[in-house]
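Numbered from 1 within each chain, the chains take letters A, B, ... in sequence-line order.
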Number of protein chains: 2
Amino acid sequence: MSTKAERTTAYIIETVAPLFNKHGYIGTSMSDLTEATGLTKGAIYGNFENKEALALSAFEYNRNILLTALDEELNAPGSALDKLSNLTEFYKKYDAFTLKMGGCPILNVGVDAQHNNKLLAAAVKETIKEIEGKIALVLENGLNNGELKLPVTPLQFAKQLFTMIQGAIAMSTITLDRKYLLNTITYLEILIKREL
Amino acid sequence: MSTKAERTTAYIIETVAPLFNKHGYIGTSMSDLTEATGLTKGAIYGNFENKEALALSAFEYNRNILLTALDEELNAPGSALDKLSNLTEFYKKYDAFTLKMGGCPILNVGVDAQHNNKLLAAAVKETIKEIEGKIALVLENGLNNGELKLPVTPLQFAKQLFTMIQGAIAMSTITLDRKYLLNTITYLEILIKREL
DNA sequence: AAAAATCTATACTGTTTGGTATATATAGGT
DNA sequence: ACCTATATATACCAAACAGTATAGATTTTT
């Protein structure tokens with residue numbers, strides 16, 4: 001069984017991750033964190049070196065949830081097209097999926113950290129690369145199987161796909177209108193059926 | 001000629017607009033503003049009621065630059081397809097265009113203000129509606145001319161177009177890689193040529 | 001050019017910021 | 001059950017926060 005401190009550390013991360021995601025690095029104060037966790041500064045600083053380390057752990061927590069969910073869709077049994085279909089279905093519900101974490105961590109932290117925190121900004125860039133790689137791998141396998149053909153390289157197509165998805169997420173987030181998400185994904189489904 | 005105070009007000013807005021756009025509402029402090037403008041708090045608070053009013057003016061300043069530039073492209077003489085071509089050309093250089101204002105104000109303020117400032121968040125939503133309306137109008141005119149046909153309503157197509165553009169902006173901004181912008185716009189040009 | 005209006009600088013407010021030293025309380029191992 | 005190690009709370013720090021009162025400087029109007 002895990003030690004008390006490990007459980008406290010995990011509890012803190014889980015609790016503050018949505019706060020950092022919603023209000024940004026600077027926008028989240030230590031008093032916000034003590035209030036949300038019910039712990040004191042002593043407890044938090046006993047488990048994390050400083051605010052930055054905590055914010056980074058919080059992002060990584062959200063990122064792992066996202067990557068795990070994506071892996072589940074992309075590694076499910078079935079053809080490459082099946083996996084892509086899993087992916088689009090997943091993103092149709094992405095707003096509900098990211099509700100607990102306070103919205104899309106890639107969009108929120110990516111934009112917030114750009115000029116406010118280099119470590120976080122780099123972590124987001126790395127996460128994007130990972131996701132694009134995962135999608136590209138599925139496409140490459142489908143290509144090698146002869147199951148589908150591509151107008152561009154697998155990575156290039158994956159990047160285009162993810163860009164459109166991220167655009168839908170951005171628009172839905174900013175306008176609070178999930179139609180952007182639904183309509184874009186519907187378009188992507190048609191695009192996949194037609195092009196591949 | 002304008003009065004001294006009016007010029008000072010304008011000077012303050014021009015100077016602080018990129019700061020608010022880059023670092024967000026909470027991330028920009030009054031001392032950042034006095035430092036950048038070379039003015040004191042007295043001068044700034046003499047021209048603006050508070051930080052929020054200044055941030056709103058700063059966003060509106062950037063927004064007006066953007067809307068004016070878009071109007072120039074969409075109201076230029078020529079056919080509807082010409083105007084759409086102007087639009088895609090404009091967005092190919094969007095990263096350079098938004099450099100002075102510290103990045104895309106719709107993306108930056110839209111994400112930042114979401115949970116930090118309702119007034120700003122509402123202003124961004126309104127701006128998106130305006131831009132979509134402008135694009136939709138061009139499409140509608142082209143439709144009425146018999147110049148082009150659309151798979152969906154003009155507004156719906158405008159929204160899809162803008163979502164993809166905004167996705168490219170988001171990805172380019174977060175990764176600092178303008179290829180996302182270029183590749184997406186290239187794709188849009190093909191899409192317009194094929195679908196319309 | 002004088003008077004009235006307006007703009008800006010200075011100095012200050014109370015509050016909140018991230019972070020720390022230390023004392024106490026609690027957990028884990030024997 | 002005790003002892004040691006560790007985790008948490010309390011009280012504090014200097015700096016930075018947004019905002020303000022007022023006095024002096026500069027425009028603008030007359």
Can you name the atoms? Protein N/O to nucleotides 3-5 of chain D N/O, anything below 3.5 Å, with the distance.
none

Using only heavy-atom distances, determine whether the side chains of [X] and [Y] contain a donor-acceptor pair under 3.5 Å.
X	Y	value
A:Asn117	A:Glu52	yes
B:Asp82	B:Ser79	yes
A:Thr68	A:Asp71	no
A:Ser29	A:Asp32	yes

Of the non-hydrogen atoms in A:Ala113 and A:Leu120, which two are nearest, and what is the gap between them?
CB-CB, 3.6 Å
Looking at every heavy atom in both B:Ala136 and B:Leu155, which two are closest together, and how far apart are they?
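B:Ala136 and B:Leu155 have their closest heavy atoms at CB-CA, 3.7 Å.
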Let me know, please, whether B:Glu49 or B:Ala5 comes out on the 5' side of the other along DNA chain D by nearest nucleotide.
B:Glu49
Where does the angle between the aromatic ring planes of B:Tyr91 and B:Tyr94 fall among parallel (under 30°), tilted (30 to 60°) and perpendicular (over 60°)?
tilted
Should the pair B:Tyr25 and B:Phe20 be assigned to parallel (<30°), tilted (30 to 60°) or perpendicular (>60°) ring geometry?
parallel
Look at [X] together with [Y] and state whether they make a salt bridge at an N to O cut-off of under 4.0 Å.
X	Y	result
B:Arg194	A:Glu195	yes
A:Glu14	A:Lys100	no
A:Glu132	A:Lys129	no

Show every donor-acceptor pair shorter than 3.5 Å between a side-chain atom in residues 55-66 of chain A and any protein atom, with sequence neighbours excluded, or say none if there are none.
residue: A:Ser57; atom: OG; partner: A:Ala53; partner atom: O; Å: 3.1
residue: A:Arg63; atom: NH1; partner: A:Glu130; partner atom: OE2; Å: 2.8
residue: A:Asn64; atom: ND2; partner: A:Glu60; partner atom: O; Å: 3.3

Donor-acceptor check, side chain of A:Thr15 to backbone of A:Ala36, threshold 3.5 angstrom: yes or no?
no
Strand contacts (DNA chain C) in residues 50-62 of chain A, 4.0 angstrom heavy-atom criterion
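Per residue number, the list reads A:Asn50, A:Lys51.
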Got a sec? Which of residues 8-15 of chain B come in under 4.0 Å of DNA chain C, heavy atoms?
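Under 4.0 Å from DNA chain C: B:Thr8.
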Rounded to the nearest 0.5 Å, how far does CD1 of A:Ile131 lie from CD of A:Glu126?
11.0 Å
Interatomic distance where NE2 belongs to B:His23 and C1' belongs to D:dC17 [whole Å]:
17 Å
Using a 4.0 Å cut-off to any heavy atom of chain A, which nucleotides of DNA chain C are the first and last in contact, reading 5' to 3'?
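Boundary nucleotides touching chain A, in 5' to 3' order, are C:dT17 to C:dG28.
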Compare side-chain N and O positions of B:Thr3 against OP1 and OP2 of D:dT27 and report whether any pair is under 4.0 Å apart.
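Checking D:dT27 against B:Thr3, no side-chain N or O comes under 4.0 Å of OP1 or OP2.
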Between B:Glu89 and B:Glu189, is any pair of side-chain heavy atoms under 4.5 Å apart?
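Answer yes - side chains close enough.
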Check DNA chain D against residues 28-45 of chain B and give the residues with a non-hydrogen atom under 4.0 Å, in numerical order.
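Under 4.0 Å from DNA chain D: B:Thr28, B:Ser29, B:Met30, B:Ser31, B:Lys41, B:Tyr45.
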